[in-house]
Amino acid sequence: MSRESLIIFDTTLRDGEQSPGASMTRDEKLLIARQLERLRVDVIEAGFAAASPGDFEAVRAIAQAIKDATVCSLSRANEADISRSAEALRGAARGRIHTFIATSPLHMEKKLRMSPDEVYAQARRAVRFARQHCADVEFSPEDGYRSEPDFLCRIIEAVIAEGATTINIPDTVGYAVPELFGAFIRDLRERIPNSDKAIWSVHCHNDLGLAVANSLAGVTVGGARQIECTINGLGERAGNCSLEEVVMAVRTRRDHFKLDVHIDTTQIVPASRMVSQTTGFAVQPNKAVVGANAFAHASGIHQDGVLKARDTYEIMRAEDVGWSANKIVLGKLSGRNALRQRLTEIGLTAPEGTEFDALFARFKELADRKAEVFDEDLLALLSDESHAHAHEHYRFMSLAQQSHSGQRSQATVRFVAGEAELNPSAEGNGAVDAVLSAIEAEARSGAQLLLYSVNAISTGSTESQGEVTIRLQGTDRIVNGVGADPDIVVASAKAYLAALNKLRAGADRIPAQV
Ligand code: KIV
Ligand code: ZN
């Protein structure tokens, strides 16, 4: 007997990216979109095309590259945004326009300054207009869970009549609790006469740590058949519903949910790593499914049990969610073909010509310093190289530093700023401080350092590459820069320059949900 399917709608590249500091370049988004396709998500929300020319280009590039998933673009409920989404999605194998407008009394009055009747009319117009461009249209009443049910019924019935094919109910502020949220969706579906003409979806934020539980209640109690989620639960504030958790809950407890998800779960850990390496948002070690400790049994009793019979303490197998992907793949004897082949196997596109030569030279340099080169190292190398070739304003060249305990450290950093090659020196409270001060002496960004963190990219050994994340507060934005190198002082310089590049880019962006 074939089961009903649960649609997995990934919004890492749109709602996840709204998390302060998580903004990604077009190429980074494309890389993640390809991984989402390998993961076999049903829908990829690629961005908010009207937000900026950069966002438009990212949606367009993803729409053209992705063949196996529906590519979706968010739009406010107005013709300009919807036209921009339609244009970005032109050429997509399957495209979806997602339009939204706030419907809670608070948002309508304070944010939109519109009456309920005006919001109702605008939502109808928007869906009608979107349907003229695309057969697949999703409508979201923003802050839906805090909206008046009578008003929601009226507006949703109208947008379904206008042709909305998916109705998504967001818990925008993460206020819901599972029993109430499930019943809320069920009541709406029961009260709206044409509710069976659309697929129902849930979109939960995690402010109370309940996003996954609420989404699952939306499915079991409410009858929703689409869940909106992000890799690692990335998203503003406490984040969104986490993809890996809902997917593994539905898979592991098929007996209860009785639904099929089409995800290739072995791609979960590679996707998690890619998102955290790209955005600089580290995954907490005890995070379900993708945390470093998720399958580590430290206590003697547990280890003994797992060795005798795995399911004494394990409900999922690490390899089923992709942990085995963390293999030693290349070393200093590996040649150009091996590098090219491994990049292709893990879904990364190897550059051509001189760009490949440069990448191979960097790979050899790394393999000389570090005997084992992991997939994560390759991802970091490729991302470093693609930044170098993207002609970003700031580019790291080299550094020298001296530290003696009990004395202030000194550093000189050589880097490129536009056309100029700079060589500033500075002192600091330790090597990293001296390096960042030297860069800042020339860059004069005035940005405030909000976060500095170091992680080992692959194994926990001291030979592993250090991955540094630096979060900066500029005048109008927060950005994260990530840098990797076996020497964490060098990684710090790269991360700082990467953050400065992000501060310079994308200043023209309109935030979603305004
Ligand atoms: O949280 C929210 O309300 C949203 C909508 C735009 C779907 O992200
Ligand atoms: Zn959201």
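Counting starts at 1 for both ligands and their atoms, following the listed order. Note that these values count all heavy atoms, side chains included, but never hydrogens, waters or copies made by symmetry. Nothing fancy with the numbering, it's 1 onward along the sequence.
A salt bridge does not link Asp187 to Arg189: none of the charged nitrogens lies less than 4.0 Å from a carboxylate oxygen. Using a 4.0 Å cut-off between charged nitrogen and carboxylate oxygen, Glu142 and Lys111 count as a salt-bridge pair. Contact check on Glu57 versus Arg60 returns a salt bridge, with a Lys/Arg side-chain nitrogen under 4.0 Å from an Asp/Glu carboxylate oxygen.
The shortest N or O to N or O distance between Arg14 and ligand 1 is under 3.5 Å.
Ring geometry for His205 versus His203: interplanar angle of 30 to 60°, hence tilted. Note: Tyr145 and Phe181 have perpendicular aromatic rings, judged against thresholds of 30 and 60 degrees for the angle between ring planes.
The closest side-chain heavy-atom distance from Glu157 to Asn194 is below 4.5 Å.
Ligand 1 places these atoms under 4.0 Å from at least one heavy atom of Glu142: 3 (O). Counting the atoms of ligand 1 from 1 in the order shown, those under 4.0 Å from a heavy atom of Asp15 are 8 (O). Atoms of ligand 1 found under 4.0 Å from any heavy atom of Pro170 (numbered from 1 in listed order, with element): 2 (C), 3 (O). Proximity to His205 (heavy-atom distance under 4.0 Å) selects the following atoms of ligand 1: 1 (O).
Note that OG1 of Thr166 and CZ of Phe9 are 8.5 Å apart. Values are rounded to the nearest 0.5 Å.
With a heavy-atom cut-off of 4.0 Å, Arg76 does not touch ligand 1 at all. Contacts between Glu228 and ligand 1 below 4.0 angstrom, taking non-hydrogen atoms only, are absent altogether. Within the 4.0 Å heavy-atom criterion, both parts of Thr172, backbone and side chain, lie near ligand 1.
Vertex the Zn ion (ligand 2); arms to Asp15 atom OD2 and His203 atom NE2; angle 90° (nearest 10°).
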